[in-house]
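Single-structure report; data block below.
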Amino acid sequence: MADFILRKLVVQIEEIHHDGGPAPAQPRLRGAVMAVVKNPFAGRYEPELQGAMENLKPLGLQMTDHLIRAMGGRDGIDAYGKGAIVGAAGELEHGALWHVPGGYAMRERLGESRAIVPSSKKLGPMGASIDIPIGHINAAYVRGHFDAMSVAVPDGPKPDEIVFVLVMAKGPRIHSRMGGLEVAQVKGEDGLR
């Protein structure tokens, strides 16, 4: 059993009031929660990693609950994304451990959510930033929700750590006007439209 010891949680909330043009009726919220954890596979090659995803499920739920609270509750959250920054003593595949526990935790807590959870991962030093892609929770083709949030932890990841990230948003980009599928047109049957 892999042990991902939590060193710290970091929450980042963005309240976007303006992006040129008229001010929106209400600001858009984007939020991220980052968990800095010990990488139990750092410094060695482990041929079997998939079993460790199960150990990360409680962390995914804890982070999801934390972020939903920080964003003022579940109401209005309609976009999400996830990612990981792996410290230098690890490998990119250690960040891929986050696919199931991060994505399914958000799906469980957010209710109906059919679209794939966009994801990114990278190796990086302490303070490395990562752009987490964001997409609509029920329809991947909603262009107004195509976005990314840049996040970083100043003192993480250390070489033997991983920073796991979850991102959520309320609403489309400010002044979204690129056409395509609109939220009102979402059928939510297949995760695409």
Side-chain angles (χ1 to χ4, degrees), residues 1-14 30-74 77 79-111 113-135 137 148-169 191:
M1 296 291 264
D3 198 7
F4 297 89
I5 300 166
L6 178 64
R7 178 162 69 87
K8 71 190 300 186
L9 284 176
V10 177
V11 175
Q12 177 180 327
I13 300 293
E14 294 181 0
R30 276 193 310 211
V33 61
M34 296 157 273
V36 182
V37 302
K38 181 83 168 167
N39 181 353
F41 307 112
R44 64 184 176 87
Y45 177 79
E46 174 60 48
E48 168 38 47
L49 293 172
Q50 287 186 29
M53 285 192 280
E54 191 67 29
N55 299 7
L56 286 167
K57 285 183 177 179
L59 178 63
L61 291 170
Q62 176 186 359
M63 290 171 66
T64 298
D65 292 342
H66 204 81
L67 184 53
I68 289 171
R69 278 192 307 274
M71 293 187 68
R74 160 67 184 97
I77 295 174
Y80 53 21
K82 66 184 184 302
I85 306 171
V86 180
E91 62 175 286
L92 193 59
E93 201 65 6
H94 301 159
L97 286 165
W98 197 229
H99 283 306
V100 171
Y104 283 91
M106 288 192 292
R107 288 171 182 262
E108 180 177 322
R109 295 298 201 244
L110 294 176
S113 50
R114 296 191 189 327
I116 191 167
V117 182
S119 180
S120 62
K121 67 191 83 43
K122 67 187 266 186
L123 291 176
M126 288 197 326
S129 67
I130 187 168
D131 291 342
I132 305 297
I134 302 170
I137 65 174
M149 185 171 181
S150 296
V151 298
V153 177
D155 64 344
K158 294 177 181 176
D160 63 347
E161 291 180 331
I162 303 171
V163 176
F164 290 121
V165 184
L166 297 178
V167 169
M168 297 177 198

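As the structure is a computational prediction, the values presented were derived from the model and not from experiment.
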According to the salt bridge (Lys or Arg N to Asp or Glu O under 4.0 Å) rule, which pairs have a member within residues 83-104, sequence neighbours left out? none
Partner of Arg30 under side chain to side chain contact (heavy atoms under 4.5 Å, CB included), picked from Met168, Gln12, Glu14, Met71, is Glu14
In sequence, state the C-alpha distance, the side-chain angles, and the governing distance for Ile13 and Val11, and then conclude on side chain to side chain contact (heavy atoms under 4.5 Å, CB included). CA-CA 7 Å; Ile13 300 293; Val11 175; 4.0 Å; yes
Heavy-atom closest contact (Ala35 atom, Leu9 atom, distance): CB-CD2, 3.6 Å
All heavy atoms of Pro133 vs all of Ser119, minimum pair found to be CG-N, 3.6 Å
Residues passing the side-chain contact (heavy atoms from CB on, under 4.5 Å) test with Val10, sequence neighbours excluded, are Lys8, Met34, Val153
Sorted by chain and number, sequence neighbours left out, salt bridge (Lys or Arg N to Asp or Glu O under 4.0 Å) with Glu46 holds for Arg44
Closest non-hydrogen atoms of Ala148 and Ile134, given as atom of the first, atom of the second and distance, are C-CD1, 4.0 Å
Do you know which two heavy atoms are closest between Pro118 and Ile116, and how far apart they sit? CD-O, 3.3 Å
Working to the nearest 0.5 Å, report the span between OG of Ser120 and CD1 of Ile85. 8.5 Å
For Tyr80, the ring-ring contact (aromatic ring centres under 6.0 Å, His included) test, sequence neighbours excluded, returns none
With the side chain counted from C-beta on, respond yes when Leu110 and Ile68 share a heavy-atom pair under 4.5 Å apart, and no when they do not. yes
Considering only distance and modelled atom types, tabulate donor-acceptor pairs under 3.5 Å from the side chains of residues 99-106, sequence neighbours left out.
residue, atom, partner, partner atom, Å
His99, NE2, Lys121, NZ, 3.3

With rounding to the nearest 0.5 angstrom, report the CG to CD1 distance, Leu67 to Ile77. 6.5 Å
Kindly determine whether Asp3 and Asn55 satisfy side chain to side chain contact (heavy atoms under 4.5 Å, CB included), including the steps that lead there. CA-CA 7 Å; Asp3 198 7; Asn55 299 7; over 6 Å; no
Leu61 side, atom CG; Leu56 side, atom CG - distance, nearest 0.5 Å: 11.0 Å
Sidechain-backbone polar pair: Trp98 side chain, Val165 backbone, donor-acceptor under 3.5 Å: yes
Please list all pairs passing the side-chain hydrogen bond (donor to acceptor under 3.5 Å, both in side chains) test where one or both residues lie in residues 58-72, with sequence neighbours left out. Asp65-Arg109, His66-Arg69
Verdict with reasoning, Val36 to Glu161, per side chain to side chain contact (heavy atoms under 4.5 Å, CB included): CA-CA 7 Å; Val36 182; Glu161 291 180 331; 3.2 Å; yes
If every non-hydrogen atom of Gly90 is compared with every non-hydrogen atom of Asn39, which pair is closest and at what distance? CA-ND2, 3.8 Å
Using the salt bridge (Lys or Arg N to Asp or Glu O under 4.0 Å) criterion, which residues pair with Arg74? Sequence neighbours excluded. none
For the atom pair CG (Leu59) and CZ (Phe164), what is the distance rounded to the nearest 0.5 Å? 7.5 Å
Over all atoms of both residues, closest heavy-atom pair of Ala42 and Pro159: CB-O, 4.5 Å
Begin from the C-alpha positions of Leu97 and Phe4 and carry the test side chain to side chain contact (heavy atoms under 4.5 Å, CB included) through to its verdict. CA-CA 11 Å; Leu97 286 165; Phe4 297 89; 3.9 Å; yes
Give the table of side-chain donor-acceptor pairs shorter than 3.5 Å for residues 122-131, with sequence neighbours excluded, one pair per line with atom names and distance.
residue, atom, partner, partner atom, Å
Lys122, NZ, Ser129, O, 2.7
Asp131, OD1, Ser150, OG, 2.4

Ring pair (Phe, Tyr, Trp, His ring centres under 6.0 Å) contacts in which one or both residues fall within residues 37-65, not counting sequence neighbours: Phe41-His94
Apply side-chain hydrogen bond (donor to acceptor under 3.5 Å, both in side chains) to Lys38 and list each qualifying residue two or more places apart in sequence or on a separate chain. Asp160
